[in-house]
2 protein chains.
Amino acid sequence: MSGIRAQQKEKTRRQLIDAALGQLSSERSFSSLSLREVAKEAGLAPTSFYRHFSDMDELGLTLVDEAGLTLRQLMRQARQRIEKGGSVIQISVVTFMEFIESNGNIFRLLLRERSGTSAAFRAAVNREVRYFTLELCDYLQQANKLNADVAFLQADAAVTIVFSAGSDALDVDKDDRQQISMRTIQQLRFIARGAAEFSHRVVKVRT
Amino acid sequence: MSGIRAQQKEKTRRQLIDAALGQLSSERSFSSLSLREVAKEAGLAPTSFYRHFSDMDELGLTLVDEAGLTLRQLMRQARQRIEKGGSVIQISVVTFMEFIESNGNIFRLLLRERSGTSAAFRAAVNREVRYFTLELCDYLQQANKLNADVAFLQADAAVTIVFSAGSDALDVDKDDRQQISMRTIQQLRFIARGAAEFSHRVVKVRT
DNA sequence: TAAAATAGAGTACACGTGTACACTGAAACT
DNA sequence: AGTTTCAGTGTACACGTGTACTCTATTTTA
């Protein structure tokens, strides 16, 4: 029951996943990857691909899940840092920028497939981003005692701004990334301040 | 000198452009379009394509320019409406949503190519978005007497939020689009309020 | 009016693609 | 020990692709 076979299968499955991730870059999107290329990179015959995924879409959705995991891992890291004190906004942005730096291709995958041509991909990415947003929303409600609706609007706006900044930071050198970080921090402060002002009044919108 | 020939050429050039734009949809991106498909849709032999563009990339960049024009046209429309009175934020968002509704494929093109695999495309789209942002920045400085740096940060954040909302509004029915509009308006108010608060202090960041 | 230019069509080719199918050898089961 | 399962291979095929090349008909120029 040890499963020497299942074990090997899992291993080459990972090789396929890693091969796909490894081929992503600023000039190569997942949708431009071919089954044959991925199989070749993984050291497999093209037709062996089918032993693991029914088509490239299935591999792609697995990659999105993978990305979601990485993203949540990132959040845990950020929360740990915050608990040790410091500006919440600054730590969050810095953590996110570190994520971009060491997981550029994963982030690119999320960015691209979010506006891509597959409804399933778009849904998968949006689901991951929503988790991200809702966790931030909870945090804002607890930490800042915000009205629930206001907290959601703030969290949603903040995530949008940070993701957009991440996108800008992808193909840029360290100095520029620093600039982008500072700009983003300031913009998040605007939003936080604005939200705080409005949190007394009743806000009727929620999506 | 009337140029019956040049005239005809311009006409089929437009047919190519329109054919390409017409094939875009939520499940079809520009990069997935083939030269042959576009030529066929335009009623041309594949090889005749080369009489007008050296490759698909050149057509694509033309499309991005086209999109930029449409975007600026949109801004003019918004400004006219604003001059006739009303909430600036609300009118801007409503105008933008109208744009999405009637130019969905053009907006999709911008969204996708902004994070696409061609550096030239990304640069072209970012240039158009920057124009958009700078015009808003000027407006904010004049209308709200804001500090130049704060105005830029606000404009940049606002454009990011609005574009993201546009992306969310693409594949959604009228009611949901209305929801998104209200959410966006409120978020823009947060930013405006926050920026106004900060505009007294000195802000050191500018990108 | 004769010559040159050129938008567009048609043919042809090499290439990369997804995948159907038959096969192999080793692991897993009975 | 004998049988079954199955991850991985190799071959083969039809298809869509970009584009080089030649030819044609018509406009433009000289």
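Small disclaimer: the values here were computed from a predicted structure and weren't measured. Below, chain A is the first sequence line, B the second, and so on; all start at residue 1.
- Between B/F198 and A/F190, the ring planes lie tilted relative to each other; the angle falls in the 30° to 60° range.
- The shortest distance between the side-chain N/O atoms of A/S48 and the OP1/OP2 oxygens of D/dA7 is not below 4.0 Å.
- B/T95 and B/R81 share a donor-acceptor pair across their side chains, judged by distance under 3.5 Å alone.
- In terms of polar N and O atoms assigned as donor or acceptor, the side chain of B/R5 comes within less than 3.5 Å of the base of C/dT6 in a complementary pairing.
- With sequence neighbours excluded, the residues that form a side chain to side chain donor-acceptor pair (under 3.5 Å) with A/R177 are A/E101.
- Contact of the B/R13 side chain with the B/F53 side chain is registered, since non-hydrogen atoms from C-beta on lie closer than 4.5 Å.
- Closest-nucleotide positions on DNA chain C for B/T12 and A/M56 were compared, and the one nearer the 5' end corresponds to B/T12.
- One atom, CZ of B/F49, and another, C1' of C/dA7, lie 15 Å apart when rounded to the nearest Å.
- Note: CD (B/E10) to P (C/dG8) measures 11 Å, nearest angstrom.
- The separation between B/Q8 atom CD and D/dA25 atom C1' is 13 Å, rounded to whole Å.
- One finds the CZ atom of B/F132 at 13.5 Å from the SG atom of B/C137 (value rounded to the nearest 0.5 Å).
- As rounded to whole Å, 16 Å separates atom P of C/dG25 from atom CZ of A/R51.
- Atom-to-atom, CG of B/L44 to P of D/dG18 comes out at 14 Å; the value is rounded to the nearest Å.
- For the pair B/K9 NZ and D/dT28 C1', the interatomic distance rounds to 14 Å; values are reported in whole Å.
- Of all nucleotides listed (C/dA7, C/dG18, D/dG18), D/dG18 comes nearest to the side chain of B/Y50.
- Counting distance only, with no hydrogens placed and no angle test, the side-chain atoms of B/T47 and the base atoms of C/dG8 include no donor-acceptor pair under 3.5 Å.
- Closest approach of A/A39 to A/L16, counting heavy atoms only: CA-CD2, 4.2 Å.
- Salt bridge absent: B/R108 and B/E113 never bring a charged side-chain N and a carboxylate O closer than 4.0 Å.
- Residue B/L59 contributes atom CG, which lies 12 Å from atom P of D/dG18 at whole-angstrom precision.
- In this entry the distance linking NZ of B/K40 with C1' of C/dG10 reads 15 Å, nearest Å.
- In the region residues 15-37 of chain A, proximity to DNA chain C at under 4.0 angstrom, judged on heavy atoms, holds for A/S34, A/L35, A/R36, A/E37.
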